[in-house]
2 protein chains.
Amino acid sequence: MLKLFYAAHTCSLATHIVLEEVCAEYSTARIDFAKTQQRSTEYLKVNPKGRVPALVTDRGVLTETPAMLVFVAQLFPAARLAPIDDPFTFAEMQAFNSYLCSTLHIAHAHRMRGHRWVDADDAASIAAMQRKVPQSVGACYDLIEHDMLKRPWVMGERYTICDPYLFTLAQWLEADGVDPKRIPRVIDHRRRVAERAAVRKAIAEELA
Amino acid sequence: MLKLFYAAHTCSLATHIVLEEVCAEYSTARIDFAKTQQRSTEYLKVNPKGRVPALVTDRGVLTETPAMLVFVAQLFPAARLAPIDDPFTFAEMQAFNSYLCSTLHIAHAHRMRGHRWVDADDAASIAAMQRKVPQSVGACYDLIEHDMLKRPWVMGERYTICDPYLFTLAQWLEADGVDPKRIPRVIDHRRRVAERAAVRKAIAEELA
């Protein structure tokens with residue numbers, strides 16, 4: 001059986017939602033960042049990166065959201081969440097998720113995890129990074145709004161693994177200083193994803 | 001026919017190598033970063049992100065290295081560069097590539113592209129980012145060396161799309177301030193990938 005290690009208010013929600021969407025049998029284990037459990041000896045044996053999410057499978061542990069989302073979609077092909085047999089459409093989907101993990105999520109992370117890229121005691125540089133977040137995250141959302149987000153779903157007519165991933169990161173855009181009025185398609189997408197039963201169930205569990 | 005937009009000394013080399021490995025018919029177009037051609041009106045029509053690589057296909061343009069590598073591997077299944085029919089092994093491969101794009105490449109980018117995350121005229125913060133690069137990039141290579149790189153290739157016995165991607169980023173580790181003596185497996189891997197005919201051909205074209 002699958003076991004998802006997650007932390008509330010992190011990108012692990014995307015995989016949690018997809019596990020619900022496909023009606024997988026799985027268990028969860030919550031990692032408390034306030035207690036830095038992600039750096040505990042016990043958790044580092046699961047994921048030496050000291051990050052979430054991690055998915056324990058009967059063949060080993062998987063990490064990295066874009067990889068995990070495709071994995072779950074492949075295990076449950078009937079849910080049709082990833083067009084793996086259509087290389088071009090699959091690549092478009094993968095490109096979207098890759099942009100989220102390597103550009104949007106990274107821009108966001110400079111608000112709260114600046115110590116990854118400057119010394120932790122360099123308060124001026126950490127503050128400088130935080131000041132840039134509204135612009136850098138905003139630029140990502142402008143691109144998503146105008147060039148990437150098809151409708152009604154990210155990839156067009158079909159709901160895919162891109163949708164819960166965008167939804168998850170879009171939880172943070174107001175706190176990142178992005179004016180929601182400037183990205184109405186993204187906000188409408190977020191509202192519609194939030195209404196899905198799988199999404200409500202995953203969020204309810206994480207916030208319980 | 002496929003057309004790869006690339007720039008020398010960037011991550012586009014990974015896709016270039018894979019196109020050579022599968023013996024694809026393709027053409028190339030060089031983007032000159034010194035002339036900021038990646039921000040030209042003409043190129044932004046190809047890739048609104050203003051980045052390389054971009055791959056023009058008969059169905060549209062693809063971006064993002066992890067997506068493009070899988071796409072080329074899928075188009076040429078006889079080369080067996082990605083185990084798409086084995087969801088767990090495919091996910092491990094995708095997780096490796098996702099780590100490269102979202103963690104290693106990003107840590108490296110703080111040496112030369114710090115203006116993405118702080119104001120361009122904030123010389124002190126940009127210098128602070130540059131000082132952290134040996135540590136942040138070094139931590140990535142320590143993890144790759146000890147926990148991720150199987151042998152002889154990244155995924156073990158079979159050469160996959162992970163190998164040219166790691167090789168490409170590993171071109172930069174000395175300039176990032178990482179001591180190669182501390183990561184002998186990574187250095188040995190880089191040396192062995194460099195000897196492949198496809199790799200030599202792609203590099204020769206980019207540096208011609």
Side-chain angles (χ1 to χ4, degrees), chain A residues 48-49 51 55 57-60 62-75 84-103 105-107 109-110 114-119 122 124-129 131-133 135-136 139 143 146-148, chain B residues 48-49 51 55 57-60 62-75 84-103 105-107 109-110 114-119 122 124-129 131-133 135-136 139 143 146-148:
Chain A
K49 293 172 183 168
R51 305 260 182 107
L55 187 67
T57 81
D58 57 5
R59 287 180 60 189
L62 294 172
T63 58
E64 306 289 336
T65 294
M68 293 164 63
L69 295 179
V70 170
F71 175 75
V72 176
Q74 274 194 291
L75 280 198
I84 293 163
D85 296 334
D86 176 347
F88 181 79
T89 308
F90 183 56
E92 279 194 312
M93 195 203 71
Q94 293 240 90
F96 187 88
N97 285 352
S98 193
Y99 183 75
L100 294 193
C101 82
S102 68
T103 305
H105 193 166
I106 295 298
H110 283 73
H115 57 272
R116 290 179 182 164
W117 302 291
V118 297
D119 283 339
D122 182 350
S125 296
I126 284 177
M129 288 176 168
R131 284 196 301 274
K132 182 84 169 186
V133 167
Q135 181 186 332
S136 59
L143 191 77
H146 298 294
D147 291 302
M148 295 169 72
Chain B
K49 294 172 183 167
R51 304 261 183 108
L55 188 67
T57 81
D58 57 5
R59 288 182 59 189
L62 294 173
T63 58
E64 305 290 336
T65 296
M68 293 164 63
L69 295 179
V70 170
F71 175 74
V72 177
Q74 274 194 291
L75 280 198
I84 293 162
D85 296 332
D86 176 347
F88 182 80
T89 308
F90 184 56
E92 280 194 311
M93 195 203 71
Q94 293 239 92
F96 187 88
N97 286 352
S98 193
Y99 182 75
L100 294 193
C101 82
S102 68
T103 306
H105 193 165
I106 295 298
H110 283 71
H115 58 271
R116 290 179 182 166
W117 304 291
V118 297
D119 284 339
D122 182 348
S125 294
I126 284 177
M129 288 176 168
R131 283 195 301 274
K132 183 82 168 185
V133 167
Q135 181 185 334
S136 59
L143 192 76
H146 298 295
D147 292 303
M148 296 169 71

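Every chain is numbered from 1 and lettered A, B, ... according to where its sequence line falls, protein lines coming before strand lines. Hydrogens, waters and symmetry mates play no part in the numbers below; they use all other heavy atoms, side chains included.
Across A:D122, A:L143, A:I106, the residue that shares the most heavy-atom pairs under 4.5 angstrom with chain B is A:I106. For the options B:A73, B:S136, B:G60, heavy-atom pairs under 4.5 Å to chain A are most numerous at B:G60. Contacts with chain B were tallied for A:G114, A:A139, A:C101; A:C101 has the most, counting heavy-atom pairs under 4.5 Å. The residue among B:A107, B:A128, B:P66 with the most heavy atom pairs within less than 4.5 Å of chain A is B:A128.
Of the two parts of B:D147, only the side chain, counted from C-beta on, holds a non-hydrogen atom closer than 4.5 Å to a non-hydrogen atom of chain A. With a threshold of 4.5 angstrom between heavy atoms, B:R59 approaches chain A through its backbone and through its side chain. Heavy-atom distances place no part of B:D58 under 4.5 Å from chain A, backbone and side chain included. Of the atoms belonging to A:A124, it is backbone heavy atoms, and not side-chain ones, that fall under 4.5 Å from chain B. Using a 4.5 Å cut-off between heavy atoms, B:T57 contacts chain A through its side chain alone, with no backbone atom that close. In this structure, the portions of B:I84 lying under 4.5 Å from any heavy atom of chain A include both its backbone and its side chain.
Aromatic rings of B:H115 and B:H110 (six-membered ring for Trp) have centroids beyond the 6.0 Å cut-off, not under it.
Ring-plane geometry between B:F90 and A:F90 is classed as tilted, the angle between the planes lying from 30 to 60 degrees on a 0 to 90 degree scale. Ring geometry for A:F71 versus B:F88: interplanar angle over 60°, hence perpendicular rather than tilted (30 to 60°).
Interatomic distance, B:T63 OG1 to A:E92 CD, rounded to the nearest 0.5 Å: 9.0 Å. Note that CE of A:M129 is 7.5 Å distant from OG of B:S125, once rounded to the nearest 0.5 Å. Atoms CG and CE, from B:L69 and B:M93 in turn, are 8.0 Å apart once rounded to the nearest 0.5 Å.
Formation of a donor-acceptor pair under 3.5 Å by the B:S98 side chain with backbone atoms of B:Q94 is not found in this model.
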